[in-house]
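The first residue of the sequence shown is numbered 1, and numbering continues consecutively from there. In each ligand, atom 1 is the first atom listed, and ligand 1 is the first ligand listed.
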Amino acid sequence: MNHYQKVAEMYRSHPLSASLRSIRHRPYFRSVLYGCLLIASVYVLYSFVNPTYPVSTYSSFSRADPFSGDLAESYLPVDETPADVWRGRAKSVKLAFLHGYHGYERYAQPHDEIRPLSNDFIDNFNGWGVTMYDSLDTMLLMGLDNEYNRAMPFIEKTVFTLPDGEFAPFFETVIRYLGGLLSAYALRKDDLLLRRADELAEKLDHVFATPSGFPLFGVNPNGNVVGPEIGILAEIASLQMEYTALAKFTGKKRWWDRANTVIKALDKAELNKTGGMFPIRWNLTSAQPFDTHLSVGAQADSTHEYLLKQYLLTAKVDKANLIMYLRATTHIITELLFLSPKRHLLYVTDTTFSTNEHRGRPSHTFEHLSCFLPGLLALGAHTLPLDDLASLGIDLNDLGNESMFGISGEGYKLLAGYNLKSLHMWAAEGLAQTCWLSYADMPTGLGPDEMLMHTAGDDRWGKTVDGFKDGGGYLWMDAIEKWKASGARGAPPGVGDKTPVIYTETERLRGSGRARDYSIRKSGYLLRPETLESLYILWRTTGNNKWRDRGWKIFESIERHTKTPSGYASLRTVEVLPAVKDDDMPSYFFAETLKYLYLMFIDTDPIPLDKWVLNTEAHPLPVIEWSQAEKDTFHIP
Ligand code: DMJ
């Protein structure tokens, strides 16, 4: 008798097996046994078709009082991870940075980016060494002086020129190169960095040769420019922070004028057709919107981000940006946020208006790029007196306009009656939860680039149960009332922890399975930062360690599935194991992804959110207070 036969015999002769055998042979027990099996199979089948998920619990939600907006320490789970473990995690991130950056230095410097599978290089952002520029301030924050010192001679020698017929993409050049130089200058005060930043801005300056003062798409430092008359929102209006910081550091009025022209044009734009929010396409001659496509994702994201951040960067004196931020977020919250039908995932999508349609039509696309929004909303709730706008002389009622399409002005009135700070935090936590789940649902633990959310009718987060026109209450208004009445139990719709659903291989191949409430449109993971950015800000603003824990899980997945001998590689798909890599390591991986992870795990806060503001490429800039002399020179009221 071999080993397996012996084991089988042992089980056969076990008294329990014997009694089960005897039960199986008695007709009464046999029917009970088969009955139970039948019930169990029906239950399993039913759960597949109509799955239930644990209801969000209050304990997983970090705010106690929707009206005061105060953090309730007693509700925060205790961090069970010892401090030295967090320190070790921060060190692991630093080692990851070194691994990737040394790969770049060895195989690609001074070109733009390394190809981490072939160890080739690519010049996709002017060929001036974008990885170095984007990495400088992360090195300084991580205390990597050797790497910083090795980069400086290259920074000094870069020739900001391009062959005829080639153009620097203005937006990318500003957020990566200029932002990188200014941020490193703010941290290290090395004059070379500022000199190079100023010189680069000079080389790019022809790009502003439009009647509106909005920049064109691209510029050759020889003076030639390129780009259509219809520009893209994110590309024409994401320079305010960099040019304001440059003006402050150099004392040059021209740089402030560049920023201020854009701010003023945005402020004067006609937004009645889009509910007070900026659409994606703009006419660079008239400085007016060209379409009605509203989004916080690709081609739009950073402009919405810069409304709040420019206000914070300029020490909260520039009210125009604040008001534009309040308008944009009111429209986003009331019209662009949706709940999925089964898991009640809160997500943000884009909408388009057909002629004279009162309400935009949602695409239900949910982009990884949009996952910066929860962090932005949390940052706003943390830094603005949203629960007391009157203290700033602002009444939300006045911001709405009865003739607006998309939102009738009524939305503003409704929101004005409630605690805006809590609403923004709820939206932030619900959205961050969905962004995190898009990672946790995948076998790689990394999130896809784009999802198509399932819908069952009009699931706007802010929709009334009976329909807007019938004057019913908003869902969340209902939720607040119920919450108050119930003594604060249960999270608002879409907020709170949910269980991940990882598909089996059969479900993946079939393209459906247990309800996840979405299908995947673009399944790659491009080493993007947005979800980590929001986890970082939520952790800082709520103090709830669950966000930080999730950051660590994502880092573990990055290490496990994207690492190569010379760096880290984007994934072609997050849906299969072993993960399939792409020959690509974007510079923002060093500027943003690894920086947010590091800042999340260290036990100090070198760039507090009330003293530093991160540009859209995560380059921190210090809050700027204008002196009277600067106000006079720059004509700042
Ligand atoms: C970054 O370059 C910036 O954050 C930009 O604003 C959009 N997203 C990429 C990374 O995903």
Shortest non-hydrogen pair, Ala168 vs Leu162, comes out as N-CD1, 3.3 Å
Nearest non-hydrogen protein atom, atom 4 (O) of ligand 1: Thr616 O, 2.7 Å
Relative to the ring of Trp539, is the ring of Tyr536 parallel (under 30°), tilted (30 to 60°) or perpendicular (over 60°)? tilted
Side chain or backbone, does Ser302 bring an N or O within less than 3.5 Å of an N or O on ligand 1? no
Classify the contact between Pro586 and ligand 1 as side chain, backbone, both or neither, using a heavy-atom distance cut-off of under 4.0 Å. neither
Please say whether Tyr588 places an N or O atom under 3.5 Å from an N or O atom belonging to ligand 1. no
Does ligand 1 have a heavy atom under 4.0 Å from the side chain of Leu526, from its backbone, from both, or from neither? neither
Provide the closest heavy-atom pair for Gly375 versus Ser534 in the form atom of the first, atom of the second, distance. N-OG, 2.8 Å
Could you tell me if Tyr306 and Glu242 have a donor-acceptor pair between their side chains, going purely by distance under 3.5 Å? yes
Set out, in order, the CA-CA distance, both residues' side-chain angles and the distance that settles side-chain hydrogen bond (donor to acceptor under 3.5 Å, both in side chains) for Glu147 and His102, then state yes or no. CA-CA 9 Å; Glu147 283 66 25; His102 289 166; 2.7 Å; yes
May I ask whether Arg176 places a heavy atom under 4.0 Å from ligand 1? yes
Any atoms of ligand 1 less than 4.0 Å from a non-hydrogen atom of Pro529? List them with their elements. 10 (C), 11 (O)
Is the backbone of Gly524 close enough, under 3.5 Å, to the side chain of Arg572 for a donor and an acceptor to pair up by distance? no
Out of all atoms in ligand 1, which are within 4.0 Å of some heavy atom of Glu617? Include the element for each. 1 (C), 2 (O), 3 (C)
Ligand 1 contacted by Glu530 (non-hydrogen, < 4.0 Å): yes
So, does Glu592 sit close enough to ligand 1 that a heavy atom of it is under 4.0 Å from the ligand? yes
For Lys522, I'd like to know if atom NZ has over 12 heavy atoms of other residues, nucleotides or ligands within 6.0 Å. no
